[in-house]
There are 2 protein chains.
Amino acid sequence: MARYRVGLETRERILSATRRLLAEVGIEGVTLKAITAHARVGAGSFYNLFASKDDAVFEVIREAIESVDPDPAGAGTDTLDDLVDAFVAFMTGSSPIARIYLQLAGRGLTDPAIASRVLRSHRRRVERFADAWQREDPSMSEAEAIARAEVMLGALTGLGMTALIDPSFDMRAHANELLPSHQGVAVPPLS
Amino acid sequence: MARYRVGLETRERILSATRRLLAEVGIEGVTLKAITAHARVGAGSFYNLFASKDDAVFEVIREAIESVDPDPAGAGTDTLDDLVDAFVAFMTGSSPIARIYLQLAGRGLTDPAIASRVLRSHRRRVERFADAWQREDPSMSEAEAIARAEVMLGALTGLGMTALIDPSFDMRAHANELLPSHQGVAVPPLS
DNA sequence: GCAGAAATGGAACGGACACTCCAATATGTA
DNA sequence: TACATATTGGAGTGTCCGTTCCATTTCTGC
């Protein structure tokens with residue numbers, strides 16, 4: 001835990017180096033050696049401030065997500081529109097961190113420690129989407145709101161993946177189709 | 001190079017072990033030690049038959065792809081329901097290819113060579129979904145069918161990812177909500 | 001300016017990894 | 001059978017990784 005001014009500054013240098021490395025060389029290139037070298041810090045200093053290497057990586061991702069959060073304070077004022085917009089901004093923005101996030105999620109397919117972290121943040125997001133949905137339609141049951149939030153987030157994640165692999169893919173347009181307010185072009189539902 | 005009968009058999013044992021490992025622990029869990037242990041083979045025997053670990057992994061993937069007929073009949077009789085069902089079965093079933101596919105897709109976010117492969121198969125699948133959609137509603141334009149296919153596949157991919165990370169997640173239930181026959185909101189009926 | 005706590009660098013550790021080396025053995029051929 | 005060579009296991013190599021340890025230095029409240 002950083003308590004002194006110098007400690008906080010070092011923490012920022014480490015996060016900054018981690019951020020830059022994630023952007024430049026990807027998750028596989030982020031080694032402790034690289035981080036400490038770029039931050040001009042000894043390994044001891046690093047572990048004085050972070051519990052593990054992953055701890056620093058997740059903190060960088062957390063901050064990146066928070067930076068596009070329409071309601072960082074958790075006041076409950078964000079709409080579904082806002083949330084979808086934030087997700088799209090995160091995925092299609094200039095920050096390469098979205099890429100890292102998806103790669104980590106992929107790694108979570110085999111690494112239980114990462115899976116639990118990814119899952120935790122996923123569940124938090126589902127809750128957020130479900131709340132917004134219920135706020136827009138108070139008659140909706142909580143269970144249904146959660147189910148819809150799961151589908152919407154699944155869709156957004158998948159679309160984000162496509163967008164990252166295919167730069168010409170228009171994620172925003174497709175994402176907007178997911179919104180209940182969207183009244184698009186016509187396909188009568190099949191019976 | 002295997003020349004004798006025993007060598008060819010050993011080669012098959014190695015490929016079989018690699019295939020099983022890819023299914024069970026994913027691409028990152030496939031170590032040389034694991035392969036040789038499961039195949040009951042020494043490291044020397046392995047390198048007598050394969051140039052590298054990746055050589056064996058790529059061979060397994062190549063064979064797996066080859067063994068899956070993308071459109072056996074080519075009759076174009078499959079419905080959206082069938083396709084979604086197949087996708088869910090693919091993701092939640094015991095087949096190793098789904099996990100490998102997602103893990104490779106994640107790796108493709110930084111590796112252009114892998115990205116192009118992933119993208120190609122993705123586009124092929126979009127086409128398949130779009131065709132089915134147009135078959136069910138001939139009045140739908142091709143562009144719109146493709147747009148819907150993109151959203152649906154994005155959702156399925158994202159849900160599949162969640163399902164792989166969280167075994168308790170009911171992918172099939174959520175996937176069904178994506179179908180136009182379902183009166184959900186995720187893909188809204190259009191006016 | 002002193003004491004106690006925080007911060008520091010970097011050597012050292014233990015483990016994982018892909019891969020090499022080689023003496024011993026098995027195999028196919030003539 | 002006799003010979004060339006394919007095949008074998010597994011100890012050993014070099015490298016890289018995250019993390020720990022600790023003597024030393026720096027910081028800050030009093």
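Protein chains get the first letters and strands the later ones, always in sequence-line order, with residue 1 at the start of each.
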Undergrad: Taking any heavy-atom pair under 4.0 Å as a contact, classify B/Thr10: base, sugar-phosphate, or nothing.
TA: sugar-phosphate
Undergrad: My understanding is that only residues two or more places apart in sequence, or in another chain, count here; which of them pass salt bridge (charged side-chain N to carboxylate O under 4.0 Å, His left out) with B/Asp55?
TA: none
Undergrad: Any idea how A/His174 and A/Phe169 line up, ring-wise: parallel (<30°), tilted (30 to 60°), or perpendicular (>60°)?
TA: parallel
Undergrad: Walk along nucleotides 21-30 of chain D from 5' to 3' and tag each nucleotide B, S or - by protein heavy-atom contact under 4.0 Å, base first, then sugar-phosphate.
TA: B-----BS--
Undergrad: Is the closest side-chain donor-acceptor distance between B/Asp54 and B/Ser52 under 3.5 Å?
TA: no
Undergrad: I'd like to know if the side chain of B/His122 pairs up with that of B/Glu150 as donor and acceptor (distance under 3.5 Å, no hydrogens or angles considered).
TA: yes
Undergrad: Take the C1' atoms of the five end pairs on each side of the helix from C/dG1-D/dC30 to C/dA30-D/dT1, get both axes, and report the angle to 10 degrees.
TA: 20°
Undergrad: If I take atom CG in residue B/Leu32 and atom C1' in nucleotide D/dG10, what distance separates them, rounded to the nearest angstrom?
TA: 12 Å
Undergrad: Sequence neighbours left out, what passes salt bridge (charged side-chain N to carboxylate O under 4.0 Å, His left out) with B/Arg172? Give chain and number order.
TA: B/Asp85
Undergrad: Between A/Ser168 and A/Asp166, is any side-chain donor less than 3.5 angstrom from a side-chain acceptor?
TA: yes
Undergrad: Among residues two or more places apart or on two chains, list those pairs meeting salt bridge (charged side-chain N to carboxylate O under 4.0 Å, His left out) that have a residue in residues 38-50 of chain B.
TA: none
Undergrad: So what does A/Thr36 touch, heavy atoms closer than 4.0 Å: a base, only the sugar-phosphate, or nothing?
TA: nothing
Undergrad: Check every strand shown and say whether B/Arg11 touches a base, only sugar-phosphate, or nothing at a heavy-atom separation below 4.0 Å.
TA: nothing
Undergrad: Over how many whole Å does the gap from B/Phe50 atom CZ to D/dT8 atom P extend?
TA: 11 Å
Undergrad: Identify the 5'-most and 3'-most nucleotides of DNA chain C with at least one atom closer than 4.0 Å to a non-hydrogen atom of chain A.
TA: C/dG4 to C/dG10
Undergrad: So which one's nearest nucleotide on DNA chain D is more toward 5', A/Ser52 or B/Gly7?
TA: B/Gly7
